[in-house]
Asks: 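Questions regarding the structure given below will be posed in turn.
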Amino acid sequence: MSIELEEGVEVKKAACWFCYQNCGMLVYVKNGEIIKIEGDPDHPINRGAMCPRPHTWREFLYHPQRLNYPLKRVGERGEGKFKRISWSEALNEIAAKLKELKEKYGPECVASIGGTNRTDDWARRRFFNLFGSPNVCHIAHVCWLPTFIAETVTYGWYAVPDLLNTKLIVVWGRNSGTNNLPEMRSILDAKENNNARLIVIDPRLSETAAKADIWLRIRPGTDGALALAWINVIINEELYDKEFIERYCYGFEKLREHIQQYTPEWAEKITWIPKEDIIETARMYATIKPATMLWGSKNEHMGWGSPSLFRARAILKAITGNLNRPGGNLVLGPDTEVYIDSDLELNDMLPPEQRAKQLGSDRFKMMTWPGYEVICKYTKEFWGKTPPAEWCCEAHPSYIWRAAVTGKPYPIKAIIVVASNPLVAYGNSKLIYEALKSVELLVTMDFWMTPTAMLSDYVLPAASWLERPVATSSFGTSNFIILSERPIQPLHERKTDFEFWRELGIRLGQEQYWPWKTLEEAYEYRLEPLGLGLSLSEFVHYIRMHSTTPQVTDKFATPTGKVELYSTILEQMGYDPLPVYKEPPMTPYSNPELAKEYPLILVTGIKFMPFHHSEQRQIPVLRRMHPDPLCHIHPDTARSLGINDGDWVWIETPKGRIKQKAFYNVSLHPQVVCAEASWWYPEKPGPEPSLFGVFESNVNILTDDDPEILDQVYGCYYYTGLLCKVYKAEE
């Protein structure tokens with residue numbers, strides 16, 4: 001008898017949250033316990049496929065190191081001494097401390113750090129807007145959200161790739177082959193079914209680049225120069241879509257004049273890509289119709305150099321006529337028929353005087369309240385919705401750490417961390433360590449005792465995707481929502497982040513704003529505008545996914561109602577209305593003196609299977625697949641330094657040094673090295689000074705977060721194109 005037919009077995013339609021793809025899973029449950037998991041063949045994202053992570057569900061769910069009960073620190077911070085307390089005690093004490101700090105320093109003294117899209121982050125926003133603090137942030141500044149803002153100021157929302165109907169795919173600084181397997185499947189399907197061509201732009205021959213028709217090995221940090229040179233070729237060779245530009249675009253003549261300086265010959269010297277390849281690929285993108293472009297975060301974090309890339313890519317989609325064209329990039333907007341995240345955040349409850357206190361908003365205006373308010377004016381008029389503030393309106397993390405350490409411009413006294421490990425996630429880890437040690441209250445909610453949790457006053461156990469329902473809408477930027485049900489009730493005393501924020505909010509006088517007692521009720525509320533009257537379980541089993549029919553319109557959600565090649569919003573905010581190339585702060589060209597001591601060019605932040613960022617290193621079968629951190633280096637370079645393949649090496653920048661294992665990679669330029677991201681060692685001692693080895697191999701020991709060197713428009717970090725030196729680590 002098959003497992004599906006056994007008496008008492010239920011099949012729950014769940015969504016994996018081991019990364020943010022939310023692949024559909026069929027979870028077989030009997031007597032409240034999971035007995036089997038398999039990929040859901042009917043799910044639109046993964047179509048039944050599974051990566052290695054869900055196969056380890058049993059190890060993850062029952063792992064002896066999982067956090068199961070609330071803990072309170074009883075020793076010195078970082079000493080590793082905690083005692084078990086009840087949820088009621090933890091919430092009462094946290095609420096009392098927050099109230100005390102709010103009365104003494106103002107609500108803005110409390111900040112929160114979040115992670116990737118695997119929480120109900122609208123609930124966190126809701127809590128903080130009601131509490132009165134604007135200092136909420138998550139991983140946006142080290143992820144792709146600045147691209148979303150740049151595209152929104154250009155044409156009113158993010159343009160999603162249509163891989164199903166495309167003839168040409170440009171993958172820019174992205175490795176779908178490890179970071180987004182459903183997407184990689186769609187890329188390969190397009191190559192097979194549509195005979196689509198594939199161009200990959202990456203310093204390294206990644207898994208995705210290995211499948212490319214053309215791979216452009218770019219000098220790290222110079223992507224903006226390549227994008228601008230593409231525009232130059234397309235305009236000067238009159239390969240642009242004249243009809244689309246005349247009908248839908250604003251500022252083309254200004255762009256034409258501005259772009260003349262960015263020739264292929266100019267870009268060749270900067271990018272190290274032959275001008276012939278620049279010209280050929282620009283022609284391909286403009287003439288092979290339809291063509292689509294995929295964003296990537298690996299090449300976006302170039303400090304000063306980031307804004308030119310974000311805007312130039314958006315402009316390329318428009319001038320070639322690949323915007324809002326089947327097989328191109330589609331501006332679908334939000335789901336207008338259900339309540340989306342921004343409808344639930346209660347952003348209007350945060351007073352203007354508190355918005356003005358948001359840390360970083362005086363400098364990085366486009367990812368904070370000043371820019372968000374301008375953008376929302378037009379998206380609200382056009383779509384009837386606004387982008388979720390959780391992705392577009394962030395206090396800047398660098399300012400939070402500095403305010404915690406220095407008390408300027410005002411003190412940060414409490415930090416609440418949910419689904420994040422800041423000590424490895426953000427630049428300048430040593431400063432973050434100092435900040436976390438400085439606050440009066442540090443709370444962490446997670447699956448594991450992480451290095452950040454080890455420094456906390458309270459550590460709270462989080463329920464996983466196997467113990468909660470899930471709602472996903474592709475970072476809240478697309479016109480759909482997919483709902484999945486809760487397979488089993490949380491084990492031990494694990495809770496969802498929604499429950500944490502709701503129960504904490506009730507203790508601080510917010511009860512009237514938290515009408516839903518469970519996530520199921522909250523998700524059913526999101527569906528109420530549809531008028532279906534279905535429970536969450538019924539919706540999941542009979543419908544599963546809802547999407548709004550895209551609007552067909554001659555207008556865009558911008559001040560001019562057109563695609564703004566020349567951005568009036570950026571001009572209004574005091575930024576360049578047209579993309580301007582700027583060399584990143586620390587390269588052989590911008591800082592030749594420093595390059596004498598640090599002659600190699602470093603890419604930090606390589607992501608790799610089977611881990612997702614800093615997670616899953618506790619899972620034995622996954623760790624055996626990738627036991628050590630790897631530093632990719634060209635064999636000739638390594639041998640010249642006396643380094644053999646597999647040797648432990650020091651990677652050093654002016655900020656510090658770390659150890660990783662040398663990995664010979666012949667695809668790299670001999671002057672380039674690539675270091676893996678997010679390493680810490682759960683098997684090492686947790687108490688200080690070790691903190692699970694967080695300072696040993698963590699690339700953010702090497703990076704800086706000085707606001708002066710970051711992207712001045714969006715606040716993007718500087719992780720790509722740094723200078724470093726590498727040498728053998730002697731025993």
Asks: Measuring centre to centre across the rings, with the benzene-like ring taken for any Trp, is Phe663 within less than 6.0 Å of His632?
Replies: yes

Asks: Cation over ring, Arg313 on Trp295, under 6.0 Å and within 45°?
Replies: no

Asks: Ignoring hydrogens and angles, tell me if any N or O in the side chain of Asp647 forms a donor-acceptor pair with the backbone of Val649 under 3.5 Å.
Replies: no

Asks: Which atoms form the tightest heavy-atom contact between Pro307 and Gly303, and what is the distance?
Replies: CD-O, 4.1 Å

Asks: Relative to Tyr410, does Lys357 satisfy both conditions: NZ or CZ under 6.0 angstrom from the six-membered ring centre, and within 45 degrees of the ring's axis?
Replies: no

Asks: Side chains of Leu600 and Leu723, heavy atoms from C-beta outward: is any pair under 4.5 Å?
Replies: no

Asks: Just checking, any donor-acceptor pair under 3.5 angstrom between side chains of Glu394 and His138?
Replies: yes

Asks: Please tell me whether His396 and Tyr717 form a close aromatic pair, meaning their ring centres lie under 6.0 Å apart.
Replies: yes

Asks: Do Glu683 and Arg623 meet the salt-bridge criterion of a basic N to acidic O distance under 4.0 Å?
Replies: yes

Asks: Does Asn232 reach the main-chain N or O of Ile259 with its side chain, forming a donor-acceptor pair under 3.5 Å?
Replies: yes

Asks: Report yes if the side chains of Asn428 and Lys655 come closer than 4.5 Å at any heavy-atom pair, otherwise no.
Replies: yes

Asks: For Asn421 and Glu615, run side chain to side chain donor-acceptor pair (under 3.5 Å): C-alpha distance rounded to whole Å, both residues' side-chain angles, the deciding distance at 0.1 Å, then the answer.
Replies: CA-CA 9 Å; Asn421 189 4; Glu615 297 178 61; over 6 Å; no

Asks: Please evaluate residues Tyr598 and Glu652 with respect to the criterion side-chain contact (heavy atoms from CB on, under 4.5 Å), reporting the C-alpha separation (whole Å), side-chain torsions for both, the decisive distance (0.1 Å), and the verdict.
Replies: CA-CA 8 Å; Tyr598 299 95; Glu652 184 176 331; 3.7 Å; yes

Asks: When you measure from the side chain of Gln616 to the backbone N and O of Phe18, does any donor-acceptor pair fall under 3.5 Å?
Replies: yes

Asks: Any carboxylate oxygen within less than 4.0 angstrom of a Lys/Arg side-chain nitrogen, looking at Arg311 and Glu151?
Replies: no

Asks: Is there a side-chain contact between Asn175 and Met184 in this structure, where contact means two heavy atoms from C-beta onward sitting under 4.5 Å apart?
Replies: no

Asks: For the OG atom of Ser176 and the CD1 atom of Ile187, what is their distance to the nearest 0.5 Å?
Replies: 4.0 Å

Asks: Okay, side chain of Asn698, backbone of Leu423: is any donor-acceptor separation there less than 3.5 Å?
Replies: yes

Asks: Take Met586 and Asp704 through the side-chain contact (heavy atoms from CB on, under 4.5 Å) test and state the conclusion after the steps.
Replies: CA-CA 11 Å; Met586 193 171 71; Asp704 199 353; over 6 Å; no

Asks: With a sphere of 6.0 Å drawn around CD of Gln261, does it hold more than 12 non-hydrogen atoms of other residues, nucleotides or ligands?
Replies: yes

Asks: Sub-3.5 Å donor-acceptor pair from the side chain of Ser308 to the main-chain atoms of Gly305, do we have one?
Replies: yes

Asks: For Arg217, check salt bridge (charged side-chain N to carboxylate O under 4.0 Å, His left out) against everything at least two apart and list the hits.
Replies: none

Asks: Apply side-chain contact (heavy atoms from CB on, under 4.5 Å) to Thr604 and Thr703, showing your working.
Replies: CA-CA 8 Å; Thr604 70; Thr703 59; 4.1 Å; yes

Asks: Just by distance, do the side chain of Asn180 and the backbone of Glu183 share a donor-acceptor pair under 3.5 Å?
Replies: yes

Asks: Report yes or no: is the cationic atom of Arg617 (NZ for Lys, CZ for Arg) closer than 6.0 Å to the six-membered ring centre of Tyr681, at no more than 45° off its axis?
Replies: no

Asks: Can you tell me if Glu76 has over 12 outside heavy atoms packed within less than 6.0 Å of its CD?
Replies: no

Asks: Please find out if less than 6.0 Å separates the ring center of His612 from that of Tyr20.
Replies: yes

Asks: Not counting sequence neighbours, list each pair that qualifies as a side-chain hydrogen bond (donor to acceptor under 3.5 Å, both in side chains) and has a residue in residues 431-440.
Replies: Lys97-Glu440, Tyr433-Glu688, Lys437-Glu688

Asks: Tell me whether the rings of Trp650 and Tyr727 are parallel (<30°), tilted (30 to 60°) or perpendicular (>60°).
Replies: tilted

Asks: Any side-chain hydrogen bond (donor to acceptor under 3.5 Å, both in side chains) pairs touching residues 573-584, not counting sequence neighbours?
Replies: Arg219-Glu583, Tyr581-Glu583, Glu583-Thr587

Asks: Between Thr444 and Asp446, do the side chains contain a donor N or O and an acceptor N or O under 3.5 Å apart?
Replies: no

Asks: Evaluate Phe608 against His626 for ring-ring contact (aromatic ring centres under 6.0 Å, His included), listing each step before the verdict.
Replies: CA-CA 9 Å; Phe608 49 93; His626 200 110; 4.3 Å; yes

Asks: Any side-chain heavy atom of Tyr719 sitting closer than 4.5 Å to one from Asn700?
Replies: yes

Asks: Go through the steps to decide whether Trp230 and Thr281 satisfy the test side chain to side chain donor-acceptor pair (under 3.5 Å), and finish with yes or no.
Replies: CA-CA 8 Å; Trp230 271 21; Thr281 49; 3.1 Å; yes

Asks: Does any non-hydrogen side-chain atom of Phe695 lie less than 4.5 Å from one of Ser690?
Replies: no

Asks: According to side-chain hydrogen bond (donor to acceptor under 3.5 Å, both in side chains), who are the partners of Thr450, at least two apart in sequence or on a separate chain?
Replies: none

Asks: Met609 and Pro52: which non-hydrogen atoms are nearest, and at how many Å?
Replies: CE-CD, 3.3 Å

Asks: Any side-chain heavy atom of Leu702 within less than 4.5 Å of one from Cys724?
Replies: no

Asks: Judged by atom type as modelled, is there a donor-acceptor pair below 3.5 Å linking the side chain of Trp172 to the main-chain atoms of Leu294?
Replies: no

Asks: For Phe692, is the NZ or CZ atom of Lys684 found under 6.0 angstrom from the centre of its six-membered ring and inside 45 degrees of the ring axis?
Replies: no

Asks: Is Gln712 reaching over with its side chain to a backbone N or O of Leu710, donor-acceptor style, under 3.5 angstrom?
Replies: yes

Asks: Between Pro670 and Thr637, is any pair of side-chain heavy atoms under 4.5 Å apart?
Replies: yes

Asks: Do Pro629 and Trp648 come within less than 4.5 Å of each other through their side chains, counting heavy atoms only?
Replies: yes

Asks: Check whether Thr222 reaches the backbone of Ile218 with its side chain - one donor and one acceptor, N or O, closer than 3.5 Å.
Replies: no

Asks: Is the backbone N or O of Ile416 less than 3.5 Å from a side-chain atom of Ser112, with the two atoms forming a donor-acceptor pair by type?
Replies: yes

Asks: Apply side-chain contact (heavy atoms from CB on, under 4.5 Å) to Arg77 and Asp457, showing your working.
Replies: CA-CA 7 Å; Arg77 178 163 289 165; Asp457 300 290; 2.3 Å; yes

Asks: Would Asp705 and Arg402 pass as an ion pair if we require N to O under 4.0 Å?
Replies: yes

Asks: Just grab all the salt bridge (charged side-chain N to carboxylate O under 4.0 Å, His left out) pairs involving residues 659-679, residues at least two apart or on different chains.
Replies: Asp628-Lys661

Asks: Within a radius of less than 6.0 Å around NZ of Lys211, do more than 12 heavy atoms belonging to other residues, nucleotides or ligands occur?
Replies: no

Asks: Is it the case that the side chains of Tyr399 and Gln358 hold a donor-acceptor pair, with the cut-off being a distance below 3.5 Å and no angle test?
Replies: no

Asks: Salt bridge check, Arg657 against Glu696: does any charged N sit closer than 4.0 Å to a carboxylate O?
Replies: no

Asks: Provide the closest heavy-atom pair for Ala638 versus Tyr664 in the form atom of the first, atom of the second, distance.
Replies: CB-CE1, 3.4 Å

Asks: Who are the ring pair (Phe, Tyr, Trp, His ring centres under 6.0 Å) partners of Trp448, not counting sequence neighbours?
Replies: Phe60, His63

Asks: Please report the closest heavy-atom contact between Asp202 and Arg174, naming both atoms and the distance.
Replies: OD2-O, 4.3 Å

